[in-house]
Each structure stands twice: as structure tokens, then as C-alpha cells.
Amino acid sequence: MHWADFTAQRLKLECGENLVAASGITPSGEFHIGHLREILSAEMIHRACLDAGLNSRYIFIVDSMDPLRKVYPFLSKEYEQYIGYPLANIPAPNPDGTPSQGGVSYAEHFLEPFLEALRQIGVSPEIVMNHQTYENGEFAGKINAAIENSNEIRGIIEEISGRELPDEWFPFKPLGSDGSMDGVTVTEYEKPYVHWTDRHGKSGSADIRKAEGKLPWRIDWAARWGIHGITCEPAGKDHGASGGSFDTGLPICRILGDKPPAKMVYEWIQLKGSGPMSSSTGNTIGPIEALSLVPPEILRYLIAGSKMNKHIDFNTGPALFQMADEYERLVANPPTGSDDELNKRQRVARDTQVAALRLSQVSHGADPSDSLAGVSFRHLAMLAQIKSSDDDIWASLFESGHIFEPNPSNALKDRLSRMRYWINSVHFPDDARIVIQSKLTEDARSNLDEGQMNFIANLKQSISGISWNEKQISKTIMDSINASNIPAREAYAAIYWAVLGQRFGPRASSLLVEIGSEKLEQLLP
RNA sequence: GGGCCUGUAGCUUAGUCAGGUAGAGCGCCGGGCUUUUAACCCGGUGGCCGUGGGUUCGAAUCCCAUCAGGCCCGCCA
């Protein structure tokens with residue numbers, strides 16, 4: 001059974017019919033595709049719950065109340081002054097990293113493009129800006145409870161995380177006179193006010209019913225489970241580590257009077273060969289960039305087709321062919337077979353794959369076969385490189401029997417436009433790239449024997465001046481083959497050596513049409 | 001130091017939670033499409049399931065140990 005369906009079943013037993021799945025991300029910088037796993041893990045469980053006939057909501061909590069931790073490499077020095085301020089309260093950076101005037105907040109600035117990516121990938125969560133939850137007083141009850149149970153919570157954090165908390169630790173971090181929560185010390189609690197003094201020596205009070213401070217992360221997380229009635233929130237393995245925030249969150253949530261969701265941890269997505277993704281090291285690919293290369297259903301399939309505890313290598317190079325073609329193959333030939341004729345393992349495999357396909361669809365409930373392009377990535381990559389006109393590609397696919405009507409489906413048009421983008425990007429693998437030579441290379445010449453050289457010479461002669469279309473070119477090639485008296489296989493190999501510098505290639509006539517007669521004449525010896 | 005995950009065919013892996021004769025895709029090899037689209041179709045090759053013990057009638061699957069790789073625990077998902 002698929003992990004999402006399995007979880008839905010378990011949630012039904014443990015939590016009943018009304019479920020809330022959640023994700024939470026701090027918008028401290030550009031989002032990357034790693035965040036997509038956070039989102040999609042929860043969203044797929046949400047969909048699985050709906051599919052199981054349960055009532056389910058999916059909320060995406062944006063940690064807009066989290067403070068700016070440090071001046072990231074993409075920020076200018078001016079951001080020094082904003083360290084410790086909630087992300088909702090500071091200005092967005094300009095492209096050069098300097099703070100902008102007016103306009104949206106830092107949190108919204110980074111959130112907006114991510115939401116666009118979510119839209120494209122078919123995720124439509126209820127969005128909760130965490131600072132608003134503080135502003136409208138929904139946190140007040142939990143903050144009060146946390147303060148009243150301060151000692152117990154301190155004990156939990158110290159014991160489970162093994163961390164020692166300073167004496168002045170307090171389960172609420174008020175904003176000081178300048179709006180930063182750094183260097184602020186709590187002096188007294190007088191419900192609903194937390195009195196403080198800050199690093200400038202000033203003192204004041206924070207109303208726990210307004211966004212005048214926040215709970216520390218480990219408590220904040222536990223509190224929101226109760227506030228939103230969250231029954232499921234998969235967390236990254238950083239939170240899942242022993243002694244991590246999940247482990248402390250569970251008992252803290254109970255102290256605050258609520259039933260916590262079950263611990264659920266997902267592995268990270270890594271960029272092939274370069275380790276975990278990190279905004280600060282620049283080792284990252286944004287969701288938008290990923291979506292410009294990979295169709296959304298295939299990106300979803302990357303997550304849906306992997307078990308939660310397996311790390312995923314995201315590779316925008318050769319592995320993309322494999323992943324895309326695997327998806328295509330599955331959609332074209334979904335696993336079949338009745339329970340009787342399959343053994344247990346085969347049934348599990350079948351059900352898991354069918355579910356992965358179901359969950360990969362951009363629209364919930366859509367028929368997977370609507371996303372069928374009908375042609376492999378590899379083949380499309382080849383066509384896209386040798387044909388500059390989209391219409392020529394549709395014609396070719398129709399002729400070769402890949403598609404059954406001259407007009408392409410939307411799925412196919414979509415594939416091609418992403419394919420062209422990929423080919424023009426640095427990500428496209430070199431060995432899939434068709435490179436037209438400008439002259440006969442040494443390497444090519446050494447691979448050609450006398451007969452092949454004669455054939456090339458013959459071809460060059462007879463091809464000049466013919467009307468430049470596939471039929472004529474094809475005919476001319478065959479005439480030259482016959483005239484040269486060498487096997488056709490060798491003749492074609494000769495063409496590929498001359499034109500591409502390698503032994504194989506796409507259909508010669510299609511290739512030559514695109515090259516053009518002039519360029520070909522210069523190229524052939 | 002504490003902990004987590006992974007290790008199955010050349011490669012990517014399913015199957016591990018609920019033990020019952022090792023599945024798939026890619027690659028590769030051969031053939032077909034009667035002179036090639038890197039397409040497409042058919043067939044075939046290939047695994048003492050990291051290692052060593054234990055439990056069991058029976059272990060890839062459960063338990064213990066061990067090796068290797070990756071990662072987390074300073075709120076980066």
C-alpha cells in the first residue's frame with residue numbers, strides 16, 4: 001500500500017473522520033525543491049484521506065513570525081539592523097540585496113513565487129501566516145499555558161534535547177523597544193502582559209494576545225498543533241532526530257492540553273553529487289526552475305514514487321530522462337492483474353504504483369492517462385534539437401505513429417516547451433546533445449574507410465542543387481549508397497561521423513534538412 | 001558523544017511494518033521493422049537480497065552483532 005494511503009488509514013483509526021494535515025516552512029530565503037517534499041508529503045496524505053472518504057483540510061503555515069537569524073549571503077549589510085525581527089516585519093530585499101522601501105514584507109517576498117509554484121503543481125492549501133495567528137490572539141491561551149507550566153516545559157526540553165537552558169530562559173520571547181527579540185529579558189508575567197527589559201536598557205510590556213512576541217520554536221510548533229487541530233504534520237529529518245523538536249513537541253503539546261499528531265519524518269532531497277540543499281551555500285534549485293524543466297506531474301511523481309524515508313537524488317541531468325520515461329511508461333501501461341493471479345508482493349507493488357500515479361496528478365482526481373504525452377523524453381529531446389518548428393515535430397510524431405492525430409495534446413505541447421527550455425539550459429546532459437560539426441574532425445576521418453569516404457564525396461556532389469526536403473534528401477542518399485556500392489549501414493554511419501562526429505544519430509534525412517544545404521556543403525570534405 | 005536512514009542484477013530500485021519458492025525498469029546481447037528517427041516491437045542474459053550469528057518447519061523480511069555509505073542533533077525540509 002502507498003504510504004499516503006497507509007497513513008490515511010492509520011489516521012482514521014487514531015483520530016477519526018475529521019483530519020487536518022499541515023506543513024510549515026520558514027520563509028527566510030528562496031524556497032527550493034526540498035521544500036516541495038515538505039508540502040507534497042502532507043498534501044498527498046491529505047488527498048489520500050479525501051480519497052478514503054474522510055473529511056480533511058490541508059493548511060500551510062508560513063513561519064512569518066520567525067526572526068531573521070543572520071545576514072544571509074544574498075542580503076546586503078543593511079540587514080544587520082533587522083536581525084532578531086520577525087520576518088513579517090522587515091522589508092523585502094531588492095535584487096541587489098538591499099532592503100526595499102515600502103512594498104511587501106520579507107516573508108511575503110519569498111513566499112509569493114513559491115505559491116505560484118504550488119499552484120502549478122496542483123497544491124492549494126489554506127495558508128496561515130503565523131504572525132497573524134499571533135496578532136489575532138489565537139496563541140494567547142497556549143502562551144499563557146506555556147508560561148504557567150514553564151518549569152515542566154523547561155524540564156522536557158532539557159531532558160529530551162540534552163540542552164541546558166539559561167537561567168533567564170522564558171517560554172515567550174517578547175519584542176523589545178526596537179522590534180527585535182534578541183537581547184530581551186523577561187522580568188515578570190502579569191496575565192496577559194509579559195514585562196521585559198531590552199538590550200538598550202528600555203523596558204516595556206508585551207500583550208500575549210497581539211503579535212508582540214512569540215513562543216520559542218519548540219513550543220510554538222507544539223502549540224500550533226492544538227490551535228489548528230493538526231492530526232498529521234510530516235517533518236524533515238532534522239526535526240525528527242532523537243531529541244529534536246518532534247520529540248520535545250509531543251509532551252509539550254500534551255501539557256498545553258492537546259493530543260499531538262503522530263511522529264512522521266521524511267528524508268531530504270539532495271542534488272546529485274552535491275549533498276543537501278541549502279539556500280546559504282547556493283546549492284539549490286528553486287521550485288520554479290525545477291518546474292520549467294520538469295512537468296508538474298512528474299515532479300509530483302518524484303515524491304509520490306519514493307518512500308518517505310528514502311532520500312531522493314534530484315538530478316536535472318541524465319536522470320531526468322529516466323524519471324520522466326518511467327512516469328510515461330507507467331501511465332501508458334499501468335500495472336494490472338487480478339488479486340488471484342498475483343502473489344502478495346505483486347499486489348503490493350501494483351497497488352503502490354497505481355496510487356503513486358493517482359497522487360501525481362496535478363488536479364485531484366484527474367485521470368492519469370490525460371497526462372500521457374505519448375512520446376519518451378529521449379525521443380522528444382532529439383526531435384526538439386533537430387527541428388526548430390513545433391509543427392514539424394507534431395508532423396513527425398504523427399508520421400511515426402507516436403500520436404494518433406496531427407494536433408498535439410496539451411500535455412504534449414507542455415512537454416515540448418519545457419523540453420526546449422531544458423535543452424537551452426546548462427542542465428541538459430552533454431551526451432544527449434546533438435552537436436553539428438563544422439568540418440570533418442580527425443576523429444571522424446580515422447573512423448571512415450575508403451569506401452565511406454567515396455560515398456561522402458559522391459553524396460556531396462549529388463546533393464547540391466536538389467530541392468531541400470526530406471524526401472529528396474532521402475532519395476539522394478540512397479542513390480549515393482547504390483552508386484558507392486557499400487552497405488547502407490556503413491553509409492549512414494559515415495554521415496553521422498561527418499555531421500555529428502559520432503557513429504549513431506537520428507534519421508539522416510531529418511537531420512540534413514535542418515542543417516541546410518549550404519552548411520552541409522561546407523561541412524562535407 | 002547521542003540518534004536516524006540506507007545497503008537486493010552493471011545502474012535505479014520494488015518487496016521489509018503483517019516471514020512462505022527473488023520482481024521491475026534501464027543497460028547489455030540477439031532478432032524484427034525486408035537500405036537505421038537515439039523511435040518502435042519481440043526474445044534473452046543477469047541477484048549465495050553488505051557480512052556473521054540467532055529465532056523458525058521456513059528469513060531479503062523478525063532479533064543480536066558487525067562492516068560500509070549518507071544524514072541529523074547549533075530551529076536551513
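A note on names: the letters A, B, ... follow the listed sequences, proteins ahead of strands, and every chain is numbered from 1. Because the structure is a prediction, the values reported are computed rather than measured.
Of the side-chain N and O atoms in N309(A), one or more sit less than 4.0 angstrom from OP1 or OP2 of U6(B). Side-chain nitrogen and oxygen atoms of K310(A) include at least one within less than 4.0 Å of the OP1 or OP2 phosphate oxygen of G7(B). Between H35(A) and A77(B), a side-chain N or O to OP1/OP2 separation shorter than 4.0 Å is present.
Side-chain proximity of E267(A) to G70(B), C26(B), C40(B): nearest is G70(B). The side chain of Q322(A) approaches U12(B) more closely than any other nucleotide in the set U12(B), A14(B), C40(B). Which of G74(B), U37(B), C72(B) sits closest to the side chain of W268(A) comes down to C72(B).
Figure legend: K307(A) and W3(A) shown without cation-pi pairing, the cationic atom not lying both under 6.0 angstrom from the six-membered ring centre and within 45 degrees of its axis.
Applying the Watson-Crick and G-U wobble criteria (two distances, each under 3.5 Å), G44(B) pairs with C28(B). A 3.5 Å limit on both hydrogen-bonding distances identifies G50(B) as the Watson-Crick or G-U partner of U66(B). The base-pairing partner of G1(B), taking Watson-Crick or G-U wobble contacts with both distances under 3.5 Å, is C73(B). Shown here, U61(B) forms no base pair; nothing in the strands shown gives a Watson-Crick or G-U wobble contact with both key distances under 3.5 Å.
For the residue pair E289(A)/H427(A), the side-chain donor-acceptor check at 3.5 Å is satisfied.
Remark: the separation of the P atoms in G7(B) and G50(B) is 8 Å, to the nearest Å.
Here the P atom of nucleotide C40(B) and the NE2 atom of H379(A) are 7 Å apart, to the nearest Å.
Using a 4.0 Å heavy-atom criterion, one finds that I434(A) contacts the bases of the nucleic acid, with or without backbone contacts as well.
We find that the ring of Y266(A) and the base of A77(B) do not stack by the test of centres under 5.5 angstrom and planes tilted less than 30°.
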